[in-house]
There are 4 protein chains.
Amino acid sequence: MSHNTFGHLFRVTTWGESHGPALGCVVDGCPPGIPLTEADIQPWLDRRRPGQGKFVTQRQEPDAVRILSGVFQDAQTDARHGGQVTTGTPISMIIDNVDQRSRDYSEIATAFRPGHADYAYFAKYGVRDYRGGGRQSARETAARVAAGAIARKIVAGVTLRAAVVQIGPHAVADDRIDFSVTGDNPFWAPDPDIVPVWEEHLEKVRKAGSSTGAIVAVEASGVPAGWGAPLYGKLDAELAGALMSINAAKGVEIGAGFAAAALSGEANADEMRMGNDGPVFLSNQAGGVLGGISTGQPVTARVAFKPTSSILTPRMSVNEAGEEIELRTKGRHDPCVGIRAVPVVEAMVACVLADAFLRHRAQTGGEAFQPGPPRG
Amino acid sequence: MSHNTFGHLFRVTTWGESHGPALGCVVDGCPPGIPLTEADIQPWLDRRRPGQGKFVTQRQEPDAVRILSGVFQDAQTDARHGGQVTTGTPISMIIDNVDQRSRDYSEIATAFRPGHADYAYFAKYGVRDYRGGGRQSARETAARVAAGAIARKIVAGVTLRAAVVQIGPHAVADDRIDFSVTGDNPFWAPDPDIVPVWEEHLEKVRKAGSSTGAIVAVEASGVPAGWGAPLYGKLDAELAGALMSINAAKGVEIGAGFAAAALSGEANADEMRMGNDGPVFLSNQAGGVLGGISTGQPVTARVAFKPTSSILTPRMSVNEAGEEIELRTKGRHDPCVGIRAVPVVEAMVACVLADAFLRHRAQTGGEAFQPGPPRG
Amino acid sequence: MSHNTFGHLFRVTTWGESHGPALGCVVDGCPPGIPLTEADIQPWLDRRRPGQGKFVTQRQEPDAVRILSGVFQDAQTDARHGGQVTTGTPISMIIDNVDQRSRDYSEIATAFRPGHADYAYFAKYGVRDYRGGGRQSARETAARVAAGAIARKIVAGVTLRAAVVQIGPHAVADDRIDFSVTGDNPFWAPDPDIVPVWEEHLEKVRKAGSSTGAIVAVEASGVPAGWGAPLYGKLDAELAGALMSINAAKGVEIGAGFAAAALSGEANADEMRMGNDGPVFLSNQAGGVLGGISTGQPVTARVAFKPTSSILTPRMSVNEAGEEIELRTKGRHDPCVGIRAVPVVEAMVACVLADAFLRHRAQTGGEAFQPGPPRG
Amino acid sequence: MSHNTFGHLFRVTTWGESHGPALGCVVDGCPPGIPLTEADIQPWLDRRRPGQGKFVTQRQEPDAVRILSGVFQDAQTDARHGGQVTTGTPISMIIDNVDQRSRDYSEIATAFRPGHADYAYFAKYGVRDYRGGGRQSARETAARVAAGAIARKIVAGVTLRAAVVQIGPHAVADDRIDFSVTGDNPFWAPDPDIVPVWEEHLEKVRKAGSSTGAIVAVEASGVPAGWGAPLYGKLDAELAGALMSINAAKGVEIGAGFAAAALSGEANADEMRMGNDGPVFLSNQAGGVLGGISTGQPVTARVAFKPTSSILTPRMSVNEAGEEIELRTKGRHDPCVGIRAVPVVEAMVACVLADAFLRHRAQTGGEAFQPGPPRG
C-alpha cells in the first residue's frame with residue numbers, strides 16, 4: 001500500500017479530484033478469463049451514489065463507469081467464456097464528474113475548514129484543489145467501489161455484507177443484527193426497529209445544521225482457512241489499514257475488538273470441535289483471523305466514522321494568510337458520512353481479500369491443509 | 001508492508017522463531033551518519049524483556065542485541081561524528097535465543113490451542129514450528145523494538161510515549177493520564193491510583209490460571225505537519241496496519257476513535273487559532289491526523305489487546321488428526337500480553353513515523369508550508 | 001517495478017491496448033508545485049508519434065494527451081507559481097486511440113505471429129486482444145513518453161539525449177556521435193554522414209517487405225553524484241530493467257558495456273583529478289555509474305532493438321487450434337522499430353532518474369558530499 | 001527490487017560488509033514444505049568460494065552457511081516430508097567472515113580507488129566502510145548464491161547452467177559451447193580448447209599486475225511458457241535488472257541480444273511448428289522470451305563483466321581531502337572477476353525465475369494454456 005496504490009498483487013491505483021473532469025482507477029493483477037462488463041460494476045456504484053435520499057448529499061452524479069482497457073470479447077472468447085472477459089492486463093475505469101455545480105468557492109479557497117484536511121494538505125503540498133475538497137473528497141471512494149466490484153469476482157465464493165450498526169449514540173444490539181434486511185431502508189440498517197430512531201436523530205441533526213458519526217460492521221463469510229500472511233501482511237493488519245484509509249474513518253476493530261480488552265482468556269479464545277468439513281469454532285471472538293491468517297470462520301470487522309466536518313455552525317479557524325476567521329461550511333453534504341461508507345467498506349474488504357487470495361495462491365498453490373486421519 | 005517486511009523507505013525485515021537459535025531483523029533505508037551502537041538499542045529491548053515481574057512470563061532472556069552490519073567507526077568518523085555511525089547500508093541485528101527451556105512439547109505438537117494461530121498456520125502451511133508458538137510467538141516483537149530504536153533516532157524530534165490505560169474492565173480515566181509516571185510501576189500505568197486495582201485484578205486472574213485483555217494508548221508529540229500521504233499511505237491507515245500487526249491486537253483507533261461515532265460535528269471538528277509558530281488546535285479529537293496527513297498536533301492512538309490465549313483451564317479443541325481433544329496450555333505465559341506490548345506499540349509508531357518522514361522528504365524536500373502574510 | 005507500474009517513489013502505472021478506446025497512465029509521487037500543462041507533454045509525444053515518414057508506420061494518430069487530475073490553477077497558484085502546477089496527487093493522463101482502422105483481423109485472431117508475443121500471451125492468459133497486438137503493441141510507449149515528460153521536470157538539471165547509432169549492420173563511429181544534430185534527420189542520427197547509408201538500407205528493407213534492427217544510445221548529463229542505491233536499486237540495474245522493458249529491446253549496456261569484457265584494468269578504470277567543482281574523471285568507461293551510484297559524469301547507456309517481427313515474407317507458425325500454418329503479417333508497420341524507440345528510451349531514463357532522485361533525497365536529504373579540506 | 005531487497009514474492013534481503021563479523025540474507029515468501037538443510041545450500045557456496053585457484057583471490061573463506069530460521073523438523077515432518085522442510089516463514093541465513101586479514105587500510109581509508117565505488121559511496125553517504133570495499137565488496141554475492149540455492153528448489157524443473165564464454169579478447173565460438181564440461185576446468189569454460197588460451201592470457205595479466213574482463217552466458221531450460229508479466233515485470237526486464245545488479249556487470253543481453261540489431265526480420269523471428277507437447281520453435285533468437293513472457297524455449301542471457309578495478313599499476317586519483325594522489329591497489333584480488341561471477345549469475349536467474357513462477361501462479365493458478373483442438 002503506497003500513496004495512491006492499494007494492494008500487492010491485486011493492485012488498485014486511484015486518481016481524480018472532486019471537481020476535476022473525471023476520476024477513476026487502474027486495476028492491475030486481475031486474473032484473466034473473468035467475465036466482466038460495466039454491468040458488473042455499475043450496481044455497486046449505484047449503491048454508493050449520492051443524491052438518493054434526504055440524509056445524503058444532494059449532488060446528482062450518475063457515476064456511470066466506463067471500462068477503457070483490460071477486457072476483450074470476440075468470437076473466440078464468446079465460444080470459450082460466453083462473453084467479454086478480463087485479459088490479465090490492467091483494467092482502466094473512468095467515471096466522469098458531471099454535477100460540478102458552478103459555485104463560488106472563494107470563501108474556502110484560502111480558509112482551512114475545521115475537521116477537514118485543508119490545512120494538512122496545505123502544509124504538506126503548499127497547493128491544493130479546494131473545490132469540493134479536491135483529492136480529499138469522498139468522491140474518490142467511487143473508484144474504490146469500482147475496484148471492489150472486480151475484487152468480488154475474484155473471490156466469488158465469499159459473501160460480503162456490511163451494515164450501519166450505530167448512528168450517533170444509537171446502536172443496534174449485536175443480537176439484532178440481520179444483514180439480510182439492510183437493503184430495505186435508506187440507512188443500511190440491519191434491524192428495522194432502529195430505523196425510526198435514526199430517522200428522528202438525523203432529522204434533528206440536519207435541522208441543526210450539524211452532523212453525526214456512525215459505526216459500520218462488515219462480515220465476509222466463505223473465506224477459507226489460510227488467507228493472510230504473518231507478520232506484516234496479516235489479514236487483520238491489512239484490513240485495518242484498508243478500512244482506516246476510508247475518508248472519516250477513526251477506528252477499526254476485528255472480531256471482539258476493543259471489547260476483548262475486558263474479556264477473560266476463557267471468554268475470548270474460541271473453542272473448536274470437528275464438523276463435517278473440518279474444524280468448527282464454537283464462537284467467533286477472533287473475527288475469523290488468528291495470527292493474521294483466516295480460520296474459515298466469517299471475517300468480521302467494525303469501522304468508526306467521525307461526523308461530517310462540514311457543518312453550518314460557525315467555527316473558529318485560520319486561513320492561508322495566517323488570519324483568524326469564522327467559518328460555516330455551506331454546500332451539499334451528508335449529515336452522516338458513515339451511511340454512504342457502507343459500500344466502500346465492502347469494497348475495501350473485497351480488495352484486501354482478493355489480494356490475500358492471490359498471495360496465498362502464489363506461496364502455497366492455494367489449497368488449505370485440513371486435519372484428518374493420516375493419508376496414505 | 002508485505003509478509004515479513006515492514007515499511008517502504010525505512011524497511012524492517014524480521015525473522016526468527018521462538019525456539020530457534022536466534023531472531024533478528026534487517027533495517028534497510030536508514031539515513032547515513034546517525035550515531036548508533038548496541039547501547040542505543042539495548043535499553044528499549046530491556047523494557048520489553050520478559051522475566052521482569054510476576055505478571056509477565058518467567059522465561060529468562062537477556063535479549064542482548066548485536067549489530068552485524070551497517071555501522072562504521074574509524075578515525076574519520078570519530079573526527080566527523082564522534083563515534084560509530086550508520087553508513088546507509090542495511091543494519092542487521094541479531095538476538096540469540098538463550099532460555100529455550102528443553103521441555104516436552106509433544107502435547108501441543110499436533111494439537112490446535114484455542115485462540116492461538118496453530119490451526120491457521122497448519123491450514124496455510126501444512127507444517128509449523130509449534131515450540132513456543134514458533135513464528136507466531138510474541139518473541140518476534142523483540143526485533144520490532146530493536147528496529148524501533150533506530151527509527152526513533154531518525155525522527156529524533158518526536159517524543160513517543162505509550163501507556164496501559166485499561167486492564168480487564170478497569171480503565172484509567174482520560175483526565176488521569178500522565179505519561180510521565182508510567183515508569184514508576186510494573187504496568188506502564190499512567191495513573192498511580194489504578195496500580196492497586198490492576199494488581200488485585202491480575203492476582204485473581206493469575207491464581208485462576210486465566211488471563212485478561214488490555215488497552216494501550218500511545219502519543220507522539222513533535223510530529224510536524226505534513227507527514228503521511230493520501231490515500232493509501234495515510235498516516236493513520238499505516239498506523240492502523242502497523243499496530244494491528246502486533247500479536248494479540250484486535251482494535252486500533254486514532255484520536256477520538258470509536259467514540260467519534262457518537263459525537264456531533266461541532267464536538268468533533270477541532271477548531272483552530274493562530275499561535276506563535278503557526279496554527280494551533282483547540283482540541284485534538286482528530287488525533288493529530290487529518291486526511292491522512294499530520295497536522296502538527298500530537299498523534300494519538302489506542303490499541304486493544306485480547307487476553308493471552310494460553311490459559312490453564314481445559315478447553316475444547318481438535319488436533320491435526322481431526323480428533324476432538326481437551327487442552328490446557330501449560331508453560332510460562334504473561335497473564336496479560338497487553339502490558340509487555342507497550343514498548344512494541346511505541347516501536348511500531350516510531351517505524352511508521354520514520355518511514356513517513358523519509359517519504360515526505362522524498363516528495364516535498366521535507367519542509368512544511370506555513371500560513372502567513374504573503375511573502376516577497 | 002511490478003507488472004504495469006514502474007518506479008518506487010515516482011510511480012507510473014500504464015494501461016491500454018492498441019485498439020481499445022484509449023490508453024494512458026497514472027503518475028503518482030510527483031512533487032507538488034511543478035508547473036505542468038498539456039503543452040509540457042505534447043511535444044515529447046509528437047516526437048514519438050507515428051505517421052511521420054515513410055520508414056515509420058503510416059497509422060495516423062494525433063496522440064493528443066489530456067491531463068485529468070493532479071494539477072490545479074487558480075488565482076493563488078497564479079500568484080505563487082505563475083500558472084497551473086502539480087498538486088502532489090496522482091496525475092492521470094489519457095490519449096484517445098483515433099485511427100483504429102477497421103480491418104479484418106480474422107487471419108491473426110487465432111494465429112501466433114513469429115517473433116511476436118502472441119503465443120506467450122495465449123499461453124499465459126488463455127485470452128488476448130490480438131487487434132494491433134493489444135497490450136503488447138508499441139502504442140503503450142506513448143504513455144511512457146507522457147510520464148517521462150513529467151519526470152524530466154523533476155530532474156530539470158539533467159539533459160537527456162538519445163540517438164540511433166546503428167541500423168542493421170551500419171553503425172555510427174563513436175567519435176562521430178554528435179547528439180546536437182539528431183533533430184535534423186528522420187532517423188535521430190547523430191552523424192549526418194550515416195543518413196544516406198541508412199536511407200538506402202531501409203529502402204531496400206522496405207521494398208523486400210523485411211525489417212531491420214537498431215541500436216539506440218542515450219546520455220544523461222547533469223546527474224549529480226550520489227543517485228542510485230546499492231545493491232538491488234543500483235542506478236545501472238534499474239536502467240537496465242527499465243530499458244529492457246521497452247518493446248523489442250534485447251540488450252542493454254552501461255558505459256563501455258560489452259566492450260569492457262575485452263579491456264584491461266588500466267584501460268577500463270577511469271582515473272580522477274580535482275576540478276574546480278569537485279573530482280573530474282579522465283574518461284567515462286563506467287558510464288557515470290560506480291557501485292550502482294552516479295558519479296557526476298554523464299550517465300551513458302545503449303539499447304539493442306530487434307527487427308520488427310511483422311514482415312511480409314510468409315513464415316511458418318501454428319495457431320490456437322494447434323495447426324501448422326504459413327503467415328504473412330500485413331498491416332502498417334515500422335520497418336525499424338528502433339527509430340521510434342528514441343523518445344521512449346529518453347523517457348524511461350528520465351523516469352529512472354526522477355525516481356532515483358526522490359529516493360536519494362529521502363535517505364540523505366539530497367545533497368552530495370564533496371571532497372575538500374576538512375571543515376570547521 | 002529496492003535497495004537491499006530483491007524480488008516481489010520470492011524476496012531476498014541481503015546484508016553485510018566485507019570485513020564485518022558476518023554477512024547474510026533473509027529469504028521471505030518461500031513456499032512451505034520444501035526439504036531444506038544447509039547441505040542443500042553449501043555446495044553452491046563452495047562453487048563461488050574464493051581461494052580455489054591462482055586466478056582468483058587468495059582470501060581463505062570457508063563460507064559456511066547456517067540457517068537460523070524458517071525450517072523445521074520433527075517426527076511429524078519426518079513422517080510427511082522425510083526431513084527438515086521450509087515452514088513458509090522467513091529463512092535467515094548467516095555466513096561468518098573468517099579471514100578478515102588484519103592489515104593496514106590507512107592508505108585507502110580516505111582515497112578513492114579508480115574504477116571502484118569509493119567516491120560514489122562517499123558522495124552519497126559521507127561515510128563508508130572502506131575495509132575490503134565494505135558493502136560494495138563482491139563478498140555480498142555469497143548471500144545471493146545462498147538465496148539462489150533456495151530459489152532452485154522452488155523451480156526444481158528448471159535446469160540452470162552458466163559458463164564463461166569470453167575472457168579478455170578471447171571468446172568461445174557459439175557452436176563450441178557445451179555447458180556439460182564447465183566443471184572440468186577452473187574457468188567454467190564450456191569448451192576445453194579455450195582453456196589453454198585463457199590460462200596464457202590470465203598468466204600474462206596476473207604477472208603484469210593487471211586484470212581483464214569477461215562475458216558469462218547462462219541458459220535456463222525447462223522454464224514453461226507463461227512466466228513473466230508485461231510490461232514492467234517482463235521476464236527479460238527483470239533478468240536484466242537482476243544481472244546488472246551483480247558487481248562489475250556492465251551489459252546484459254537476452255537471446256540474440258546486440259547481434260539482433262544487425263539482423264533482418266526473417267533471420268530474427270523464430271518460426272514455429274507443432275511438436276508432441278505443444279509448439280516448438282525452429283530457432284531461439286528470442287532467448288526464450290517474447291513480450292516479456294517465457295515461451296517454453298530455453299531462457300538465454302549473457303552478461304559482460306568489466307576487468308577488476310584493483311590493479312597494481314599506479315593510477316591517478318583524488319582523496320577525501322580533495323588532494324590529487326597516485327594509487328596502487330594492493331591486496332588479494334581476482335584478476336578476472338567474471339570467473340567467480342558464474343555461480344552468482346546462476347543464482348540471480350534462479351531468484352528471478354522463482355519470483356516469476358510465484359507471481360504467475362498467483363495471477364493464473366500456474367497452468368499454461370496450450371494450443372490444440374477445441375475442448376469439450
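Only heavy atoms go into these numbers, but all of them, side chains included; no hydrogens, no water, no symmetry mates. Every chain is numbered from 1, with letters handed out A, B, ... down the list of sequences.
- You'll find the side chain of D:Asp74 reaches within 4.5 Å of the side chain of D:Thr77, heavy atoms only.
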I would like to know whether A:Thr14 and A:Glu140 meet side chain to side chain donor-acceptor pair (under 3.5 Å); could you show each step before the answer? CA-CA 8 Å; A:Thr14 72; A:Glu140 184 268 349; 2.7 Å; yes
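- When atom types are taken as modelled, the side chain of D:Ser92 and the backbone of D:Ser69 share no donor-acceptor pair closer than 3.5 angstrom.
- Chain D forms more heavy-atom pairs under 4.5 Å with one residue of A:Cys30, A:Ala229, A:Pro90, A:Ala79 than with any other, namely A:Cys30.
- Side-chain atoms of A:Leu36 and A:Ile91, non-hydrogen and from C-beta on, do get closer than 4.5 Å to each other.
- Scanning for ring pair (Phe, Tyr, Trp, His ring centres under 6.0 Å) contacts around A:Phe10 gives an empty result, with sequence neighbours left out.
- By a heavy-atom distance cut of under 4.5 Å, not one residue of residues 141-154 of chain A is near chain D.
- In plain terms, the two heavy atoms of D:Leu9 and A:Ala362 that are nearest each other are CD1-CB, 3.5 Å.
- For the options D:Gly33, D:Gly366, D:Gly365, heavy-atom pairs under 4.5 Å to chain A are most numerous at D:Gly365.
- Side-chain contact between A:Pro31 and A:Leu358 is present, with heavy atoms from C-beta onward closer than 4.5 Å.
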